[in-house]
K.L.:
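I have a structure here, written as structure tokens, and I will follow up with some questions on it.
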Amino acid sequence: MKILNPQILLSFLSLILGVITPFSVALAKNTQKYTHSSNSQQIVVNKTEFGVRIVNSARKVNFFPTTIVPLKQGDAYGWRIKLNNYQGKVQWREVLTLPQAPETWITQDHKNFSISKDGKTAISQRTETPVNGVIENFWTISSGDPLGKYQIEVYIDKRLIGTFAFEIVPF
């Protein structure tokens with residue numbers, strides 16, 4: 001409980017003072033309403049989460065919310081966003097910014113993926129049907145990924161719906 005109290009205090013102070021900290025980003029439950037232009041449905045974001053996804057030896061997928069990500073090849077980091085009562089497809093865009101360019105960028109969808117000229121930022125776009133109201137995206141960690149501070153921004157219809165600041169540290 002002693003570890004959680006400073007995080008809650010920092011999050012509370014960030015709300016009052018308007019300062020964004022990694023703790024406020026990680027702990028905040030984002031609730032926003034706006035109209036999705038493709039089908040005029042109102043999108044309500046119930047929850048945003050960032051963390052590490054690890055598959056154990058029994059092939060069970062586990063998600064651990066965190067802002068500190070060990071550079072362990074094969075694990076994955078990413079976000080999940082829970083939408084309230086949304087029906088149909090959602091078009092989202094993700095902007096991933098690294099502290100420096102990785103050795104290589106690997107993606108399964110080359111058509112909806114672009115990299116900045118300096119190699120530090122990747123933009124992914126997808127259209128998908130939420131599963132149980134959840135949209136998500138994960139990146140698999142590889143040995144050529146740089147250590148340091150990263151940021152992911154997620155947009156629906158050009159509106160920012162989630163920002164995730166995190167750090168990749170040595171394993």
K.L.:
Measuring only between side-chain heavy atoms, which start at C-beta, is Leu147 closer than 4.5 Å to Pro170?
P.N.:
yes

K.L.:
Going by salt bridge (charged side-chain N to carboxylate O under 4.0 Å, His left out), name the pairs with one or both residues in residues 127-155, residues two or more places apart or in two chains.
P.N.:
none

K.L.:
To the nearest 0.5 angstrom, please state how far the CD1 atom of Ile115 sits from the CD1 atom of Ile123.
P.N.:
10.5 Å

K.L.:
Does the side chain of Asn112 reach to within under 4.5 Å of the side chain of Arg126, using non-hydrogen atoms?
P.N.:
no

K.L.:
Decide whether Ile54 and Phe164 are clustered together by the hydrophobic rule: side chain heavy atoms of Ile, Leu, Val, Met, Phe, Trp, Tyr closer than 4.5 Å, transitively.
P.N.:
yes

K.L.:
With sequence neighbours excluded, tell me which residues meet side-chain hydrogen bond (donor to acceptor under 3.5 Å, both in side chains) with Asn56.
P.N.:
none

K.L.:
Between Glu94 and Trp139, what is the shortest heavy-atom contact and its length?
P.N.:
OE1-NE1, 3.0 Å

K.L.:
Once side-chain contact (heavy atoms from CB on, under 4.5 Å) is applied, do any residues pair with Asp118, and if so which ones, sequence neighbours excluded?
P.N.:
Ser116, Lys120

K.L.:
Taking the side chain as everything from C-beta on, heavy atoms only, tell me whether Leu98 gets closer than 4.5 Å to Trp105.
P.N.:
yes

K.L.:
Would you mind listing the cluster partners of Val55? Hydrophobic ones only (ILVMFWY), side-chain contacts under 4.5 Å, chaining allowed.
P.N.:
Val61

K.L.:
Going only through I, L, V, M, F, W and Y residues with side-chain contacts under 4.5 Å, is there a path from Val95 to Phe138?
P.N.:
no

K.L.:
Name all residues meeting the side-chain hydrogen bond (donor to acceptor under 3.5 Å, both in side chains) criterion together with Arg80; count only those two or more places apart in sequence or in a different chain, and write none if there are none.
P.N.:
Glu49

K.L.:
Within a strict 4.5 Å, meaning less than it, do heavy atoms of the Pro130 and Val90 side chains meet?
P.N.:
yes

K.L.:
Nearest 0.5 Å, what's the CD-CG distance between Glu167 and Leu71?
P.N.:
12.0 Å

K.L.:
Treating Ile, Leu, Val, Met, Phe, Trp and Tyr as nodes and any side-chain heavy-atom pair under 4.5 angstrom as an edge, say whether Val69 and Phe64 lie in one connected cluster.
P.N.:
yes

K.L.:
Taking the side chain as C-beta and beyond, is there a heavy-atom pair between Val45 and Leu83 under 4.5 Å?
P.N.:
yes

K.L.:
When clusters are formed by joining ILVMFWY residues with side-chain heavy atoms under 4.5 Å apart, either directly or through shared neighbours, do Ile106 and Ile152 land in the same one?
P.N.:
no

K.L.:
Is there a continuous path of hydrophobic side-chain contacts, each under 4.5 Å between heavy atoms, that joins Ile168 to Phe63?
P.N.:
no

K.L.:
How is the hydrophobic cluster of Val169 composed, in terms of its other members, when Ile, Leu, Val, Met, Phe, Trp and Tyr link through side-chain heavy atoms under 4.5 Å apart, directly or indirectly?
P.N.:
Ile68

K.L.:
Name the orientation class of the two ring planes belonging to Trp92 and Trp79 (parallel below 30°, tilted from 30 to 60°, perpendicular beyond 60°).
P.N.:
perpendicular

K.L.:
Indicate yes or no: at least one non-hydrogen side-chain atom of Ile135 is less than 4.5 angstrom from one of Ile156.
P.N.:
yes

K.L.:
Using 30° and 60° as the class limits, which term best fits the ring planes of Tyr77 and Phe166: parallel, tilted or perpendicular?
P.N.:
tilted

K.L.:
Within the 4.5 Å heavy-atom criterion, are Pro65 and Phe50 side-chain neighbours or not?
P.N.:
no

